[in-house]
Amino acid sequence: MKGEECERLLASHDIKPTANRIVVARTLAAAERPMSLSELEYKILSIDKSGIFRTLTLFREHHLVHVLEDGGDGVRYELCHSHDGHQEDDDQHVHFYCERCHRTFCLADTPIPTVTLPEGYEPQSINYMVKGVCPDCAE
């Protein structure tokens with residue numbers, strides 16, 4: 001993702017495009033899978049852990065990232081490209097957590113199940129996580 005694209009993405013979510021925010025957004029955009037805070041810290045040496053965490057918190061508040069609880073070592077983050085900061089989240093898709101290599105993969109083409117809740121329940125978020133062994137680890 002180029003700098004101008006990143007700035008437009010941040011602006012569409014009402015986020016001021018500072019240098020640190022652009023670096024975090026570009027790193028997430030370049031990732032092939034959701035990343036943990038420690039993975040981002042390892043990739044982004046120019047920003048300390050607290051700065052990355054503050055940026056991720058802001059991104060979450062403005063609906064720019066999905067936060068995934070993978071049942072492994074905590075949470076992972078991925079950019080949400082489906083909407084701006086004012087729309088419903090329609091970028092929900094299945095994720096796969098490998099219990100051997102501890103990586104999380106997006107399975108965007110896998111159909112998600114429909115969940116019907118009893119009357120009175122209001123869902124706030126949904127986490128579609130399948131756990132098992134990825135193809136690389138199965139070999």
Could you tell me which residues satisfy side-chain contact (heavy atoms from CB on, under 4.5 Å) with Leu37, sequence neighbours excluded, listed by chain and number?
-> Lys49, Ile52, Phe53, Leu56
With rounding to the nearest 0.5 Å, note down the distance linking CZ in Arg60 to OG1 in Thr55.
-> 15.0 Å
Which side-chain hydrogen bond (donor to acceptor under 3.5 Å, both in side chains) pairs, counting each pair once, include a residue from residues 23-34, with sequence neighbours left out?
-> Arg33-Glu39
When rounded to the nearest 0.5 Å, the distance separating CG of Leu68 from OH of Tyr97 is 12.5 Å
If you measure from CG on Leu10 to CZ on Phe59, what distance do you get to the nearest 0.5 Å?
-> 5.0 Å
Rounded distance (nearest 0.5 Å) linking atom OH of Tyr77 with atom OG1 of Thr57 | 6.5 Å
Nearest-0.5 Å distance, CZ of residue Arg76 to SG of residue Cys106 = 11.0 Å
With Arg54, which residues qualify under salt bridge (Lys or Arg N to Asp or Glu O under 4.0 Å), at least two apart?
-> none
Without swapping roles, check the side chain of Arg100 against the backbone of Val133 for a donor-acceptor pair under 3.5 Å.
-> no
Any residue meeting side-chain contact (heavy atoms from CB on, under 4.5 Å) with Asp136, in chain and number order, not counting sequence neighbours | Arg103, Cys134
Would a distance-only check, ignoring hydrogens and angles, find a side-chain to backbone donor-acceptor pair under 3.5 Å from His13 to His62?
-> yes
Rounded to the nearest 0.5 angstrom, the CG-CG distance for Leu64 and Leu79 is 5.0 Å
Please name all residues satisfying side-chain contact (heavy atoms from CB on, under 4.5 Å) with Asn20, sequence neighbours left out, ordered by chain then number.
-> Thr18, Ile47
For Leu117, which residues count as a side-chain contact (heavy atoms from CB on, under 4.5 Å) partner, sequence neighbours excluded?
-> Val115, Tyr121, Pro123
Using the side chain to side chain contact (heavy atoms under 4.5 Å, CB included) rule, pick out the option among Lys43, Glu78, Glu41 that qualifies with Met35.
-> Lys43
